[in-house]
There are 2 protein chains.
Amino acid sequence: MKCEKAQKCNLENIVDIIGSKWNLFIIWHLRTKKLRFTELQNRMCGINSKTITRHLRDLEGFMIIDRRVYPEVPPRVEYSLTERGTALLPIIEAMLEWGGQYLNAKPGESHDVEPAKETVCEMDP
Amino acid sequence: MKCEKAQKCNLENIVDIIGSKWNLFIIWHLRTKKLRFTELQNRMCGINSKTITRHLRDLEGFMIIDRRVYPEVPPRVEYSLTERGTALLPIIEAMLEWGGQYLNAKPGESHDVEPAKETVCEMDP
DNA sequence: CGGTATCCCAGGCGATACTG
DNA sequence: CAGTATCGCCTGGGATACCG
């Protein structure tokens, strides 16, 4: 975690963000439209609320997502991508493309079901 | 970790590879030339041998790096990128570019030293 | 609805020591 | 040199319960 002799690695900072499965999923799910807390949670394979909250806060801190609270009853909170977050989409797409080219062709070993398309845990339409 | 209702997420498989700080570092350090075990270890901020070995094996399993053993005394093992691994470089470069654009400009909070350039833990020339 | 608060556990990672 | 073995910490994340 620490590069004592050198300055903090650029790549390391980025991996802290992109390297998390959950962060990537959140960003990806927000690519088309803003979503509410529960909508996100349901789309992400039932991730528990503590975990998703933590990652949402992280992403908000990095100014990758925008959190908008509507003072209503019942409460409504909507998350959306910022410009910074949107700028990450090409990278995620590149990752998916890479995965489609190489992982689907020869899955290595951990391949139990048929290859996915460009989808990420699409569960509920 | 498990998408019970959907097929295994493509993105999740990829994040297992790209999402690891160590894997990214290894790939990045191998971008220009093949390196020996110790060379890699020294460049990576003194990562301990157990950890690096594990990640090297993982990457080898995914056919992202190539491990070549020379039957000599003392032993020599060289690691290099495969085509698959090389195909990841544009993604890492995109990540670095994104980080350069956004993280260096406004670091958020975890920013203790001056921004890094396109470097990754460059310690010993 | 959109979270916090607790508890708990697997495993990622460092430190250290040893080996062919 | 290139690892393996062992120990032990600490965090990420699941389960569950509760709250404004």
Side-chain angles (χ1 to χ4, degrees), chain A residues 1-5 9 11-12 15-26 29-30 34-62 65-80 110 121 124, chain B residues 1-5 9 11-12 15-26 29-30 34-61 65-80 110 121 123-124:
Chain A
M1 258 308 183
K2 212 56 193 301
C3 301
E4 48 257 9
K5 292 162 64 183
C9 314
L11 193 50
E12 182 163 0
V15 174
D16 283 343
I17 303 171
I18 314 195
S20 157
K21 179 180 60 177
W22 298 129
N23 284 347
L24 252 319
F25 282 10
I26 290 170
H29 282 301
L30 291 175
K34 57 180 165 15
L35 292 174
R36 303 176 61 172
F37 185 89
T38 317
E39 290 175 324
L40 268 171
Q41 192 174 5
N42 288 336
R43 281 155 206 261
M44 293 177 59
C45 314
I47 178 179
N48 74 81
S49 51
K50 188 187 76 174
T51 305
I52 195 173
T53 300
R54 174 182 182 82
H55 287 272
L56 285 170
R57 294 285 183 276
D58 284 352
L59 291 172
E60 193 190 353
F62 283 118
I65 62 173
D66 190 43
R67 179 173 181 268
R68 187 149 302 174
V69 184
Y70 296 86
E72 304 173 358
V73 180
R76 182 159 60 104
V77 179
E78 284 178 346
Y79 295 93
S80 57
S110 65
C121 284
D124 27 16
Chain B
M1 258 311 183
K2 210 58 194 300
C3 302
E4 47 257 8
K5 291 162 66 183
C9 315
L11 193 50
E12 182 162 0
V15 173
D16 284 344
I17 303 170
I18 313 194
S20 157
K21 180 179 61 176
W22 298 129
N23 284 347
L24 252 319
F25 283 8
I26 292 171
H29 281 300
L30 290 175
K34 57 181 165 13
L35 292 173
R36 302 177 61 171
F37 185 88
T38 316
E39 290 175 324
L40 269 171
Q41 192 174 3
N42 288 337
R43 281 155 206 258
M44 295 179 57
C45 313
I47 178 179
N48 72 82
S49 53
K50 188 186 73 174
T51 303
I52 195 172
T53 300
R54 173 180 181 80
H55 287 271
L56 285 170
R57 295 286 183 277
D58 284 352
L59 290 172
E60 192 190 354
I65 62 173
D66 190 43
R67 179 173 180 271
R68 185 148 303 172
V69 184
Y70 296 86
E72 306 173 357
V73 179
R76 181 160 60 105
V77 179
E78 283 178 348
Y79 296 92
S80 57
S110 65
C121 284
M123 310 180 62
D124 27 16

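Below, read A as the first sequence line, B as the second, and so on, with proteins coming before strands; counting in each chain starts at 1. Note that the coordinates shown come from a computational prediction; the quantities given were computed from them, not determined experimentally.
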A.B. asks: B:H55 side chain N/O closer than 4.0 Å to the phosphate oxygens (OP1, OP2) of C:dG12?
C.D. replies: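 No, outside the criterion.
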A.B. asks: Closest-nucleotide mapping onto DNA chain D: is A:S20 or B:F37 further toward the 5' terminus? I mean the 5' end.
C.D. replies: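 Checking each residue's closest nucleotide, the 5'-ward one belongs to B:F37.
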A.B. asks: If we only count heavy atoms from C-beta on, is the B:I17 to B:L59 side-chain gap below 4.5 Å?
C.D. replies: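 Yes, their side chains come closer than 4.5 Å.
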A.B. asks: Could you please name the option among D:dG3, C:dG3, D:dC1 that lies closest to any side-chain atom of B:V77?
C.D. replies: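 Selected nucleotide (nearest to the side chain): D:dG3.
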A.B. asks: Are OP1 or OP2 of C:dG3 and a side-chain N or O of A:Y79 less than 4.0 angstrom apart?
C.D. replies: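 So the side-chain polar atoms of A:Y79 do come within 4.0 Å of the phosphate oxygens OP1 or OP2 of C:dG3, strictly under.
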A.B. asks: Please report, rounded to the nearest Å, how far the P atom of D:dT6 is from the CZ atom of B:R54.
C.D. replies: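 In whole Å, D:dT6 P and B:R54 CZ are 16 Å from each other.
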A.B. asks: Check whether any side-chain N or O of A:R67 sits under 4.0 Å from OP1 or OP2 of C:dG3, and answer yes or no.
C.D. replies: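 Answer yes for this pair, as a side-chain N or O of A:R67 is under 4.0 Å from OP1 or OP2.
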A.B. asks: Take atom CG of A:N23 and atom P of D:dG12, then tell me their distance rounded to the nearest Å.
C.D. replies: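 Interatomic distance, CG of A:N23 to P of D:dG12: 11 Å.
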A.B. asks: Do the rings of B:F37 and B:Y79 sit parallel, tilted or perpendicular, given the 30° and 60° boundaries?
C.D. replies: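 Tilted, since the angle between the ring planes falls between 30° and 60°.
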A.B. asks: Can you check whether A:E12 reaches B:F25 side chain to side chain, under 4.5 Å on heavy atoms?
C.D. replies: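 They are in side-chain contact.
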A.B. asks: Does the distance from a Lys or Arg side-chain N to an Asp or Glu carboxylate O, for B:R68 and B:E78, drop under 4.0 Å?
C.D. replies: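 Here B:R68 does not pair with B:E78 in a salt bridge, since their nearest N and O are not under 4.0 Å apart.
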A.B. asks: Please check if the number of heavy atoms outside A:R54 that lie under 6.0 Å from its CZ is greater than 12.
C.D. replies: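 Atom CZ in A:R54 is not packed in, count stays at 12 or less.
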A.B. asks: Given atom CZ of A:R68 and atom P of C:dG2, what is their separation to the nearest angstrom?
C.D. replies: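 Checked: the CZ to P distance equals 15 Å.
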A.B. asks: Measure from CZ on B:R57 to P on C:dG12 and round the result to the nearest Å.
C.D. replies: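 Spelled out: CZ on B:R57 to P on C:dG12 is 16 Å.
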A.B. asks: Select one nucleotide: of C:dT4, D:dG3, C:dC13, the one nearest the side-chain heavy atoms of B:T51.
C.D. replies: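 Of C:dT4, D:dG3, C:dC13, C:dC13 is nearest to the side chain of B:T51.
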A.B. asks: With a 4.0 Å cutoff (strictly under), does any side-chain N or O of B:R36 reach OP1 or OP2 of D:dA2?
C.D. replies: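 Result: yes.
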A.B. asks: Starting at the 5' end of nucleotides 15-20 of chain D, put B wherever the base has a protein heavy atom under 4.0 Å, S where only the sugar-phosphate does, and a dash everywhere else.
C.D. replies: B----B
A.B. asks: Going by heavy atoms in the side chains, are A:R67 and A:L56 under 4.5 Å from each other?
C.D. replies: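 The answer is no, as the side chains (C-beta and beyond) never meet within the 4.5 Å cut-off.
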A.B. asks: For A:Y70, which contact category applies under a 4.0 Å heavy-atom criterion: base, sugar-phosphate, or nothing?
C.D. replies: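 Result for A:Y70 = nothing.
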A.B. asks: Tell me the interatomic distance from A:F25, atom CZ, to D:dG12, atom P, rounded to whole angstroms.
C.D. replies: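 Distance, rounded to whole Å: 18 Å.
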A.B. asks: Rounding to an integer number of Å, can you tell me how far B:N42 CG sits from D:dA2 P?
C.D. replies: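 Computing the B:N42:CG to D:dA2:P distance gives 10 Å.
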A.B. asks: Please state how far atom CH2 in A:W22 lies from atom P in D:dG14, giving the value in whole angstrom units.
C.D. replies: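 Interatomic distance, CH2 of A:W22 to P of D:dG14: 5 Å.
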A.B. asks: Would you compute the distance between atom CD1 of B:I26 and atom CG of B:L35 and round it to the nearest 0.5 angstrom?
C.D. replies: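 Here the rounded value is 10.5 Å.
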A.B. asks: Can you find a side chain N or O atom of A:T53 that sits less than 4.0 Å from OP1 or OP2 on C:dG3?
C.D. replies: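 No, A:T53 has no side-chain N/O under 4.0 Å of OP1/OP2 on C:dG3.
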A.B. asks: Could you check how far CD1 of A:I52 sits from P of C:dG3, rounded to whole Å?
C.D. replies: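 The distance from CD1 of A:I52 to P of C:dG3 comes to 9 Å, rounded to the nearest Å.
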